[in-house]
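Input: a single structure, listed below in structure tokens.
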Amino acid sequence: MKVRDIILLPDKRLRQVSKPVAKVDAAARKLVAEMFTAMYAAPGIGLAAIQLGEPKRIITLDLAKKEQPSDPRVIINPELVWESDELGTYEEGCLSIPEYYEEVERPKAVTVKYIDIDGKPQEVEATGLLATALQHEIDHLNGILFIDHISKLKRDRVIKKFTKAAKQAAKDAKRSKD
Ligand code: NI
């Protein structure tokens, strides 16, 4: 399977609100497989479909540590039904903003309802890294990036850096074509 490209900041598609999946059909399962391939290749622990340019409410996760067996999770049409008042801080990163990490404060625990890969309704009560990862990826489905949760100063700085890099990459691509 060809590894699909993960779109990068400042690609405007990252700001799109993704649409619910009406049915977990063959096309949805194919997209999930492509998401895992791209996520593991990166490598990363979570991916939202929009990061492959597909505005669908699908998330793939695998929070297993290197020495642990893989633990792939598919979260479709997630709904945040509860969040704790207590906040926790994690250093977050994003495959669409490579090599940039910043501490983000979010609710420490959440309950999320979703549909699994078999189309069955599920509910997960999450704490720790899973709670953070779920919130980070659900944000993606709503066009929100983790840098929206940090200071404007830091956000502007990282957007500027990635905008400059994207312009340079476009220039380089054009030059190699000429
Ligand atoms: Ni991300």
Side-chain angles (χ1 to χ4, degrees), residues 1-21 27-66 70-78 80 89-106 114 129-178:
M1 190 186 289
K2 187 183 168 286
V3 181
R4 291 181 59 173
D5 289 335
I6 293 172
I7 62 175
L8 303 179
L9 187 74
D11 193 310
K12 285 194 175 66
R13 289 173 289 177
L14 291 169
R15 294 309 191 173
Q16 253 179 278
V17 176
S18 295
K19 297 219 161 54
V21 175
R29 285 192 295 273
K30 179 169 179 272
L31 176 56
V32 165
E34 290 171 343
M35 288 171 65
F36 275 118
T37 302
M39 185 182 92
Y40 287 129
I45 61 169
L47 194 75
I50 192 60
Q51 292 178 277
L52 296 187
E54 304 268 0
K56 300 202 170 89
R57 300 186 85 81
I58 303 177
I59 292 165
T60 53
L61 289 176
D62 191 335
L63 307 186
K65 296 206 176 70
K66 268 185 202 130
S70 66
D71 179 26
R73 293 168 190 257
V74 181
I75 313 275
I76 299 170
N77 298 344
L80 199 59
T89 303
Y90 260 97
E91 188 177 70
E92 296 188 26
C94 181
L95 294 177
S96 293
I97 314 173
E99 284 160 52
Y100 182 76
Y101 304 91
E102 199 55 64
E103 287 194 338
V104 177
E105 200 178 37
R106 299 181 186 268
Y114 65 97
L129 180 59
L130 179 58
T132 291
L134 283 166
Q135 292 174 82
H136 176 118
E137 301 306 337
I138 291 171
D139 269 356
H140 272 300
L141 306 184
N142 296 320
I144 298 166
L145 299 170
F146 85 93
I147 54 170
D148 299 341
H149 298 286
I150 65 177
S151 76
K152 186 176 183 314
L153 184 76
K154 285 179 180 168
R155 179 168 60 251
D156 287 349
R157 205 184 288 153
V158 66
I159 290 172
K160 201 172 157 191
K161 186 180 157 207
F162 276 83
T163 302
K164 210 172 145 189
K167 275 187 190 145
Q168 189 58 50
K171 232 190 254 172
D172 291 347
K174 189 173 176 288
R175 195 172 299 143
S176 68
K177 242 190 268 169
D178 287 346

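The side-chain hydrogen bond (donor to acceptor under 3.5 Å, both in side chains) test applied to His136 returns Glu92, His140, not counting sequence neighbours.
Proximity of a side-chain donor or acceptor of Gln135 to a complementary backbone N or O of Ala131 within less than 3.5 Å is detected. A donor-acceptor pair under 3.5 Å is formed between the side chain of Tyr90 and the backbone N or O of Leu129. Side-chain atoms of Arg57 never come within 3.5 Å of backbone atoms of Lys19 as a donor-acceptor pair (strictly under, hydrogens ignored). Between the Glu137 side chain and the Leu134 main chain, no donor and acceptor come within less than 3.5 Å of each other.
Ionic pairing of Arg15 and Asp148 is present here: one or more N-O contacts between side-chain nitrogen and carboxylate oxygen are shorter than 4.0 angstrom. Residues Arg106 and Asp139 are paired through a salt bridge, judged by an N-O separation under 4.0 Å between the basic side chain and the carboxylate.
The side-chain contact (heavy atoms from CB on, under 4.5 Å) with Thr163 is formed by just one residue from the set Lys161, Lys167, Lys160; it is Lys167.
Across all non-hydrogen atoms, the minimal contact from Tyr40 to Ser70 is OH-CB, 4.2 Å. Closest approach of Ile6 and Ala42 over heavy atoms only: CD1-CB, 4.3 Å. Across Val3 and Ala38, no two heavy atoms sit closer than the pair CG1-CA, 3.9 Å. Contact detail for Lys56 and Val21: the closest heavy-atom pair is CB-CG2, 4.3 Å. Of all heavy-atom pairs spanning Gln51 and Leu14, the tightest one is CG-CD2, 4.2 Å. Shortest non-hydrogen contact noted between Phe146 and Gly93 is CE2-C, 3.8 Å.
Contact annotation: the side chain of Leu8 never approaches that of Ile97 to less than 4.5 Å [non-hydrogen atoms, C-beta and beyond]. Residues Glu102 and Lys154 have side chains in contact (heavy-atom distance under 4.5 Å, counting atoms from C-beta outward). Residues Ile147 and Leu9 have side chains in contact (heavy-atom distance under 4.5 Å, counting atoms from C-beta outward). Taking the side chain as every heavy atom from C-beta outward, Ile50 and Pro55 approach each other to under 4.5 Å. Between Ser96 and Asp11, every side-chain heavy-atom pair lies at or beyond the 4.5 Å cut-off. Contact check for Val74 versus Phe36: side-chain heavy atoms found under the 4.5 Å cut-off. Side-chain contact between Ile138 and Ile75 is absent, with no heavy atoms from C-beta onward closer than 4.5 Å. Considering only heavy atoms from C-beta on, Asn77 stays 4.5 Å or farther from Ile58 through its side chain.
Among residue pairs with one or both ends in residues 157-177, none qualify as ring pair (Phe, Tyr, Trp, His ring centres under 6.0 Å); sequence neighbours excluded.
Remark: Ile45 CD1 to Asp62 CG distance equals 9.0 Å, nearest 0.5 Å. Of the inter-residue distances, the one linking Lys174 atom NZ with Asp172 atom CG reads 11.5 Å to the nearest 0.5 angstrom. Atom CE of Met39 sits about 15.5 Å away from atom CZ of Arg4, to the nearest 0.5 Å. Note that the CD atom of Glu103 and the OG1 atom of Thr89 stand 6.0 Å from one another [nearest 0.5 Å]. Here the CG atom belonging to Leu63 is positioned 10.0 Å from the OG1 atom belonging to Thr132, to the nearest 0.5 angstrom. With rounding to the nearest 0.5 angstrom, the CE atom of Met35 is 9.0 Å from the CG atom of Leu61.
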* List the steps, then state whether side chain to side chain contact (heavy atoms under 4.5 Å, CB included) holds for Asp5 with Leu52. => CA-CA 6 Å; Asp5 289 335; Leu52 296 187; over 6 Å; no
